[in-house]
Q: 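A single structure is presented below for examination.
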Amino acid sequence: MSVRRSSVQDLLRSQELEREVVVKGWVRTRRGNKYVQFIAVNDGSTIHNLQVVADAEKFPEETLKDVATGACVSVRGQLVASQGKGQAVEVQAVEIQVLGKADPEQYPLQKKGHSLEFLREIAHLRPRTNTFGAVLRLRHALAFAVHQYFNDHGFYYIHTPIITGSDAEGAGQMFRVTTLPADHPPRTASGDVDYTEDFFGKQTNLTVSGQLEGEIAALALGKVYTFGPTFRAENSNTARHLAEFWMIEPEMAFYDLQDNMELAEDFLKYLVRYALEKCPDDLQFLNDQYDKELLGRLQFVVDNDFQRLTYTEAVEILKTAKKKFEFPVDWGTDLQSEHERYLVEKHFKKPVILTDYPKDIKAFYMKLNDDNRTVRAMDVLFPGIGEIIGGSQREEDLEKLRTRMQQMNVPEEELWWYLDLRRFGSAPHAGFGLGFERLVLFVTGMGNIRDVIPFPRFPKNAEF
RNA sequence: GCUUCCUUAGCUCAGCCGGUUAGAGCAUCUGACUGUUAAUCAGAGGGUCCCUGGUUCGAGCCCAGGAGGGAGCGCCA
């Protein structure tokens, strides 16, 4: 009768000692002498390792030699109270099987720390490090919490298309999707590429946002959200941008800007609280290893109200600030990251929600205020991250929307269906977009967004 | 796309003013040690100094071009 495999997490928590167990995982380190060997095994279920103790005389030298850092092993033994300090329980090995060897001369990971830049080059192995194990478990917990929150609050999960036929959304450069041959595409009489010959019979792209389709669903189901991959072909080289990222976009009928802000704040606090409750060990590790203020900062976000003010008020604060800015502040221009950082990190020292931006620096679909100069936009700004959420109340008036589209050169023909939403049973509604990786960045305290997604996509890089 | 810094052992880095045989810590290997905790101690092996060209009696070091990476900015989530 074979014993079933236990996870390292379950064994470390177990109170039932003196029983036979089987554990399988990857060797982090092995040390000891010719009489006793200590093997640290990790299986990804927790950041902590299980200590396996092996009496060296009981195992062939060949087997122990293969139990090197990086190797995959299966261990059968007795779960016992540890004689040493540093762990409550350990496994006294009876049988050790090496499932997969790892040549120590060639295995790139060591028990000592590696730079995040180096680990980025071996993205196929970095999940086996403490850091990326912690980040990936947190990423999972946060993704799960997104669905949990929305489900508990009466939202429906909508799957918006990855391939879109419109490039009018104005959220940035798009990746083209085509099956036409790149070297000799069919041409029209006038010499242009003939997209009627393409797979979909028209130009298509990868989505930059599910919002417009989200609005369709919101004006039928009430409260909806999307959570899917999003693609931007911008040549962005920063620690906050990816070419492929995951975005969460709730869209709610009968919500105004105020309701939108309430939701954004409550949602973010829920997610951070969830991580604090479900992943204390991983957060403690990241706090100790990378950012001593991480846990304090997360708790602070949960405990305090976000500062809400209008763009106009923010401009006044920045104009009277003693700090010298590289870029001048002027009503009507978009705030630079140095301005946003000043408001969040220096002036208020807490998350900030900025609202009512000048209409000329925001998208066509945002609802115009009565002053005719500002729109009901909101940006949620976080310390170290900058803009984590961008959203707005949407323009529900057909004529006002058409006017804005004309002013901003958005073709009505392509978005006829979007205008139809205002033509038939229009309703006040609002929504926002939350960059999932920016959330993970904030919660983990990592410095670069390329380290919070398993396989980052950015200019000149699509390895793995 | 712009600005700026970097590239030397498997990893992290030092390398003086351009001068003989390029160093350290960790990792790896060998040995010692009967309970280790990033174990410790002793020893050994390990180099296309990113690439190409140039200057020079002589280049890891200076110059030009290229490649790769980081940080900041812009675009945004």
Side-chain angles (χ1 to χ4, degrees), chain A residues 28-40 48-57 65 68-70 80 82-87 90 92 102-122 129-130 169-173 208-211 227 229-249 264 289 325-327 334-341 361-363 379-382 385-391 432-442 447-453 458-461 463:
Chain A
R28 288 297 174 77
T29 75
R30 176 169 64 90
R31 54 180 170 264
N33 51 48
K34 77 173 87 147
Y35 304 100
V36 61
Q37 294 274 313
F38 302 95
I39 306 157
H48 300 297
N49 300 328
L50 180 71
Q51 174 156 286
V52 172
V53 184
D55 288 334
E57 299 141 306
K65 201 173 167 61
T69 300
V80 297
S82 179
Q83 295 175 37
K85 299 184 180 77
Q87 59 281 317
E90 64 193 19
Q92 189 71 46
D103 181 356
E105 297 272 11
Q106 290 181 58
Y107 187 63
L109 292 175
Q110 308 161 6
K111 52 187 143 189
K112 236 189 126 157
H114 291 287
S115 69
L116 294 170
E117 291 81 7
F118 172 68
L119 292 175
R120 234 170 266 158
E121 293 170 12
I122 49 167
T129 63
N130 286 334
E169 292 164 27
Q173 288 291 109
V208 292
S209 165
Q211 180 200 317
F227 185 179
T230 310
F231 307 88
R232 305 270 167 96
E234 240 95 52
N235 190 14
S236 295
N237 287 289
T238 80
R240 303 181 306 282
H241 289 86
L242 290 166
E244 176 183 292
F245 62 100
W246 288 67
M247 188 154 62
I248 298 143
E249 295 178 287
Q289 215 65 33
F325 294 112
E326 190 185 343
F327 296 92
D334 211 352
L335 299 180
Q336 305 285 320
S337 19
E338 59 171 338
H339 304 139
E340 295 179 347
R341 207 174 308 130
I361 59 172
K362 288 292 181 185
D379 282 1
V380 181
L381 309 178
F382 262 34
I385 308 293
E387 185 180 346
I388 195 167
I389 278 180
F432 60 80
L434 167 66
F436 184 58
E437 282 75 19
R438 289 194 180 171
L439 172 74
V440 182
L441 198 55
F442 178 75
N448 194 314
I449 201 162
R450 296 168 185 179
D451 296 330
V452 299
I453 187 167
F458 52 94
K460 300 277 182 290
N461 195 299
E463 193 67 49

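Heavy atoms only: backbone and side chains are in, while hydrogens, waters and symmetry mates are out. Chain A is the first sequence line, chain B the second, and so forth, proteins listed ahead of strands; every chain is numbered from 1.
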Q: If you only use heavy atoms from C-beta on, which nucleotide in G70(B), G74(B), C33(B) is closest to the side chain of Arg240(A)?
A: G74(B)
Q: Quick one: label Ser236(A) by what it contacts on the DNA or RNA (base, sugar-phosphate, nothing), any heavy atom closer than 4.0 Å.
A: base
Q: Would Phe436(A) pass as stacked on A77(B), i.e. its ring centre under 5.5 Å from the base's six-membered ring centre and planes under 30° apart?
A: no
Q: Calculate the interatomic distance between Gln87(A) atom CD and U36(B) atom C1'; express it in whole Å.
A: 9 Å
Q: Indicate, with a heavy-atom threshold strictly under 4.0 Å, whether Arg450(A) touches base, sugar-phosphate, or nothing.
A: sugar-phosphate
Q: With sugar-phosphate meaning primed atoms plus P, OP1 and OP2, does Arg30(A) contact a base, only sugar-phosphate, or nothing at under 4.0 Å between heavy atoms?
A: nothing
Q: Mapping Phe327(A) and Gly84(A) to their closest nucleotides on RNA chain B, which lands nearer the 5' end?
A: Gly84(A)
Q: Mind checking Leu242(A) for me? I need base, sugar-phosphate or nothing, with any heavy atom below 4.0 Å counting as a touch.
A: base
Q: Out of C26(B), U36(B), A77(B), which nucleotide sits closest to the side chain of Met247(A)?
A: A77(B)
Q: Please measure how far the P atom in C49(B) lies from the corresponding atom in U8(B), and state the result in whole Å.
A: 11 Å
Q: Classify Lys460(A) by what it touches in the nucleic acid, base, sugar-phosphate, or nothing, heavy-atom distance under 4.0 Å.
A: nothing
Q: May I ask you to verify if any side-chain N or O of Arg120(A) is less than 4.0 angstrom from the OP1 or OP2 atom of G70(B)?
A: yes
Q: Gly390(A) near the nucleic acid: base, sugar-phosphate alone, or nothing, with a heavy-atom cut-off under 4.0 Å?
A: sugar-phosphate
Q: Contact class for Glu90(A) vs. all strands (heavy atom < 4.0 Å): base, sugar-phosphate, or nothing?
A: base
Q: Start at the 5' end of RNA chain B and walk down; is the nucleotide closest to Asn235(A) or to Glu121(A) reached first?
A: Asn235(A)
Q: Can any side-chain N or O of Glu249(A) pair as donor or acceptor with the backbone N or O of Gly210(A) at less than 3.5 Å?
A: yes
Q: Touch check for Phe38(A), heavy atoms < 4.0 angstrom, all strands: base, sugar-phosphate only, or nothing?
A: base
Q: For Gly433(A), which contact category applies under a 4.0 Å heavy-atom criterion: base, sugar-phosphate, or nothing?
A: sugar-phosphate
Q: What is the nucleic acid contact for Glu437(A), judged by heavy atoms within less than 4.0 Å: base, sugar-phosphate only, or nothing?
A: nothing
Q: Among C11(B), G74(B), G35(B), which nucleotide sits nearest the side chain of Ser337(A)?
A: G74(B)
Q: Counting side-chain heavy atoms from CB outward, which of C11(B), G74(B), U34(B) is closest to Thr238(A)?
A: G74(B)
Q: For Glu117(A), answer base if it contacts any base atom (sugar-phosphate contacts may also be present), sugar-phosphate if it contacts only those atoms, and nothing otherwise; contact means non-hydrogen atoms under 4.0 Å.
A: sugar-phosphate
Q: In whole angstrom, give me the gap between the P atoms of G18(B) and U3(B).
A: 28 Å
Q: Counting side-chain heavy atoms from CB outward, which of C75(B), A77(B), C33(B) is closest to Glu234(A)?
A: C75(B)
Q: Please give the distance between the P atoms of C16(B) and C11(B) as a whole number of Å.
A: 22 Å
Q: NA contact type, Asn448(A), heavy-atom cut-off 4.0 Å: base, sugar-phosphate, or nothing?
A: sugar-phosphate
Q: Between G35(B), C11(B), G1(B), which one does the side chain of Asn237(A) approach most closely?
A: G1(B)
Q: For the side chain of Thr69(A), counting heavy atoms from C-beta on, which of U28(B), A77(B), A32(B) is nearest?
A: U28(B)
Q: Taking the side chain of Ser82(A) as heavy atoms from C-beta outward, which of U36(B), U34(B), A77(B) is closest to it?
A: U36(B)
Q: Expressed in angstrom and rounded to an integer, what is the separation of Gln173(A) atom CD from A77(B) atom P?
A: 14 Å
Q: Answer yes or no on whether Arg450(A) is positioned over the face of Phe458(A), meaning its NZ or CZ is under 6.0 Å from the six-membered ring centre and within 45° of the axis.
A: yes
Q: Any base atoms under 4.0 Å from Lys65(A), or only sugar-phosphate, or nothing? Heavy atoms, all strands.
A: sugar-phosphate
Q: Taking the C1' atom of each, how far is A9(B) from A24(B), in whole Å?
A: 11 Å
Q: Nearest 0.5 Å, what's the CD1-CZ distance between Ile388(A) and Phe432(A)?
A: 10.5 Å
Q: Over all strands shown, is Glu105(A) touching base, sugar-phosphate only, or nothing at heavy-atom distances under 4.0 angstrom?
A: sugar-phosphate
Q: If you measure from the C1' atom in U28(B) to the same atom in A38(B), how many Å do you get, rounded?
A: 16 Å
